[in-house]
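Reviewing the structure listed below.
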Amino acid sequence: MSELVSTTRHGDVAVITISNPPVNALGPGVPEGIRSSIAAAAADPGVFAIVVIGGGRTFIAGADIREFGKVVSGEKPRRSLLPLLLEIEDCPKPVVMAIHGTAFGGGLEVAMAGHYRVIAPAAQVGQPEVKLGIIPGAAGTQRLPRLAGVAKAVEMCAFGEPVGAPEAVSLGIADRIVEDDLMAGAIAFAREVAARPAPKTRERGEKLGDADSAVFERARQQAQKVRRGQTAPLAAIEAVEAATRLSFEDGCAREAELFGQCLYSTQSRGLIHAFFAERAVSKIPDVPKDTPVYEIRRAAVIGAGTMGAGITMNYANAGIPVIVKETTREALDRGMATIRKNYASTVKKGKLTQAAMEQRLALITPQMTYDGFEEADIIAEAVFEGMALKKQVFGEIDGIAKPGCILASNTSYLDIDEIASVTRRPELVLGHHYFSPANVMRLLEIVRGRSTAKTVLATSMALAKRMNKIGVLAGNGRGFIGNRMLGPYLREAQFLVEEGASVEQVNGALYDFGMAMGPLAMGDLAGLDVGWRARREFKHLEKPGVRVPLAADRLYEMGRFGQKTGRGWSLYNENREPSHDPETAALIEQLAREAGIERRTVTREEIVDRCIFALVNEGARVLAEGIALRASDIDVVYLNGYAFPSWRGGPMLYADTVGLKTVLARIEEFRAGHGEDLWSPAPLLVELAGNGGTFTGFDKQREVAAGA
Ligand code: 3H9
């Protein structure tokens with residue numbers, strides 16, 4: 001018997017325990033172990049019923065996702081789970097699945113093949129495969145509608161959200177909640193049902209007719225909205241629909257076809273990459289897991305503007321009492337009004353109770369003085385972007401903060417070391433760069449200064465987790481990871497409109513590529529005044545003679561700050577819906593004419609390649625310089641901070657998918673057309689393209705080198 005799966009006898013009940021830490025994934029050996037254990041228990045005349053349970057923190061969290069990569073690269077043929085599930089279902093003795101933690105994906109599929117399911121109160125069940133760009137591949141789309149009904153199965157398979165134990169019971173996915181000792185409860189349940197004929201899920205048809213065809217249509221429309229561009233949700237809907245039309249066997253065959261199509265798609269590659277990238281990001285080679293962390297019991301935020309208000313909410317959401325300070329009553333009131341409005345809208349959406357909102361608000365103390373700052377364990381600065389102001393604020397708080405208090409700047413571009421230099425505690429200074437809206441976006445760039453202590457980095461990573469954010473370590477270079485790369489991306493978008501593309505064309509091409517919005521629309525949302533302020537700060541670094549975008553400063557000077565003033569690159573109505581602005585178009589044309597730029601027809605392909613490869617080229621530099629630890633960290637930044645399409649895996653994986661040789665060739669074309677200063681290819685890209693490498697491979701090499 002496999003060590004991954006073991007059997008113990010509890011009188012006349014055999015308990016089969018799966019032990020494949022950390023999450024009991026169905027990796028090699030686990031299905032085989034379950035099969036032989038079930039067979040042995042079935043053959044044992046002393047056994048009347050069987051319980052299957054997960055050892056450790058969870059039931060089975062799904063197939064081993066790492067195996068999919070091997071399957072796709074042809075390294076390993078996939079062994080179907082379906083025969084095992086049929087064997088479980090056909091077992092002549094009742095099989096009770098005892099679920100705690102998460103029964104996800106293949107885990108729920110195994111559970112549904114059992115005759116009964118008991119569940120711990122805090123457990124969750126779900127078919128989250130679509131989040132990996134695939135669909136359930138072991139009859140999940142066929143058994144789930146038989147247990148939970150068609151409409152719920154469509155929802156769970158197409159959108160991947162799990163349900164908790166009470167809902168699982170009310171839906172019919174589980175039979176009973178076991179409050180205390182799950183194993184004892186499962187054994188007792190097994191004895192209770194041992195004499196009854198065991199129900200086989202695949203033979204249950206009573207819920208298959210419970211939904212009309214509109215359910216599928218509605219789900220498709222919803223999928224196109226919330227998972228725009230993704231194929232797996234549509235495939236999942238089709239597979240569940242097949243359950244209502246076909247026999248179980250034929251439905252499984254259809255599911256298998258659709259599963260294969262999804263698995264061998266670049267979309268699943270992208271989403272699986274994103275899954276592992278998100279988990280790799282917390283690993284910092286020289287900051288081991290056991291690095292001590294400071295306890296954050298109290299926080300203070302300076303600045304209650306858009307960012308400061310969002311940051312304040314993040315602390316309150318994490319249950320940390322927080323002071324928020326502003327210089328004027330008006331600004332403070334405005335900040336608190338923003339916070340209240342944000343919470344109220346979450347309550348309205350049903351995602352927060354009124355009581356929880358009040359609790360969070362009670363954690364926030366708005367004030368105009370530094371009173372109480374001396375008790376804070378961390379002070380987050382979110383004042384206007386400008387070195388002089390930042391230094392002044394850091395000088396002030398350094399004098400007030402207690403020893404050991406972390407000082408974090410929300411600067412999006414500025415030099416952390418220069419900011420730290422005005423304090424007597426540079427080891428406690430770092431960047432905590434949030435992304436707008438700060439209370440929503442999951443990304444937090446944690447910027448390491450020259451002197452930042454490892455404990456401070458480890459504390460920041462832990463804090464990010466507590467705030468339900470993804471902390472990504474970034475080196476201290478202008479714009480860190482995300483905004484540094486954004487520079488060339490936005491530059492190209494602006495050059496393209498000067499060369500003849502319309503604002504709508506540029507925005508549309510990137511939107512169709514999968515970005516949540518086009519680059520110029522993003523500028524209008526963030527505020528063109530923000531970009532203007534950043535440019536002013538770095539004007540002295542511009543190289544004379546190198547082409548710079550022409551219109552952005554002019555739009556700022558005309559008071560067109562974007563959505564907030566109703567005009568920017570586009571016109572906005574009261575609902576902030578954009579439309580073509582002939583004035584902007586005329587301005588761009590005039591500026592281009594004056595600069596001698598020849599206007600021409602620009603294709604969608606050129607728009608996408610110039611913007612995205614500008615991003616990739618800068619990303620390669622960021623990586624080579626060690627500003628980002630991994631290419632996959634860059635991907636995490638872009639997926640979570642800039643709404644890059646998740647199914648493309650991030651800009652660096654996208655480049656790998658296109659092929660670095662192709663990317664380089666295109667960059668060389670742009671260099672020929674637009675000059676060395678703008679388009680000199682990053683040396684790392686040249687090197688990797690030259691030796692047939694990839695950014696993914698580069699990450700692996702760096703990981704090996706760091707571990708060596
Ligand atoms: C599937 O089942 C297809 C089927 O239809 C069958 C087809 C034939 N595989 O997230 P955490 C690792 S598709 C391999 O930090 P948490 C993870 O990488 C699958 N590894 O913990 C990490 O490793 P490391 C459907 C996995 O407590 C460690 O476990 N299932 C898997 O915050 C801890 O993970 C899913 O999509 C896996 N399936 O959250 C579930 N899962 O320490 C995906 C986790 O080296 N998993 N790891 O970085 C999750 O949603 C969360 O991991 C879970 C735990 C909620 C389970």
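The basis for the numbers below is simple: all heavy atoms, side chains too, and nothing from hydrogens, waters or symmetry mates.
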Can T231 and Q267 be said to form a side chain to side chain donor-acceptor pair (under 3.5 Å), step by step? CA-CA 8 Å; T231 50; Q267 295 203 353; 3.2 Å; yes
Before you tell me yes or no, could you show the steps for E238 and R220 under salt bridge (Lys or Arg N to Asp or Glu O under 4.0 Å), namely the whole-Å CA-CA distance, both residues' side-chain angles and the distance that decides it to 0.1 Å? CA-CA 9 Å; E238 188 179 336; R220 282 189 183 100; 5.8 Å; no
Criterion salt bridge (Lys or Arg N to Asp or Glu O under 4.0 Å) on E703 and R630, from CA distance to verdict: CA-CA 9 Å; E703 193 182 305; R630 310 169 186 86; 5.5 Å; no
Give the C-alpha distance, both sets of side-chain angles, the deciding distance and a yes or no for side chain to side chain contact (heavy atoms under 4.5 Å, CB included) between I446 and V472. CA-CA 6 Å; I446 295 172; V472 179; over 6 Å; no
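Between F435 and H433, the two ring planes are tilted [angle within 30° to 60°].
Cation-pi geometry between R648 and F513 is met: under 6.0 angstrom from the ring centre, within 45 degrees of the axis.
The ring-ring contact (aromatic ring centres under 6.0 Å, His included) check on F561 picks up Y556, with sequence neighbours excluded.
The environment of OH in Y511 is sparse: at most 12 heavy-atom neighbours from other residues, nucleotides or ligands sit within 6.0 Å. Atom CZ of R702 has more than 12 neighbouring heavy atoms from other residues, nucleotides or ligands inside a 6.0 Å radius. With a 6.0 Å radius and a threshold of 12 heavy atoms from other residues, nucleotides or ligands, R228 has its CZ atom above the threshold.
Evaluation of the salt bridge (charged side-chain N to carboxylate O under 4.0 Å, His left out) test over residues 671-696, restricted to residues two or more places apart or in two chains, returns K543-D677, E668-R671, R671-E676.
The shortest heavy-atom contact between S460 and H432 is OG-NE2, 2.9 Å.
Between the side chain of E385 and the backbone N or O of S412, at least one donor-acceptor pair lies under 3.5 Å.
The residues E155 and R218 are annotated as not salt-bridged, no charged nitrogen and carboxylate oxygen being separated by less than 4.0 angstrom. For E583 and R560, the salt-bridge test passes: some basic side-chain N is under 4.0 Å from an acidic carboxylate O.
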Name the atoms and distances for all side-chain donor-acceptor pairs under 3.5 Å in residues 610-628, with sequence neighbours left out.
unit_1	atom_1	unit_2	atom_2	d
R610	NE	E492	OE1	2.7
R610	NH1	E499	OE1	2.7
R610	NH1	E606	OE2	2.8
R610	NH1	H674	NE2	3.4
R610	NH2	E492	OE1	2.9
R610	NH2	E499	OE2	3.0
N617	OD1	A682	N	2.8
N617	ND2	S680	O	3.1
E618	OE2	R484	NE	2.8
E618	OE2	R484	NH2	3.3
R621	NH2	S680	O	2.8
R621	NH2	S680	OG	3.0
E625	OE1	R484	NH1	2.8
E625	OE1	R484	NH2	3.3
E625	OE2	R484	NH2	2.9

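Judged by distance alone, the side chains of Y572 and D524 do bring a donor and an acceptor atom under 3.5 Å apart.
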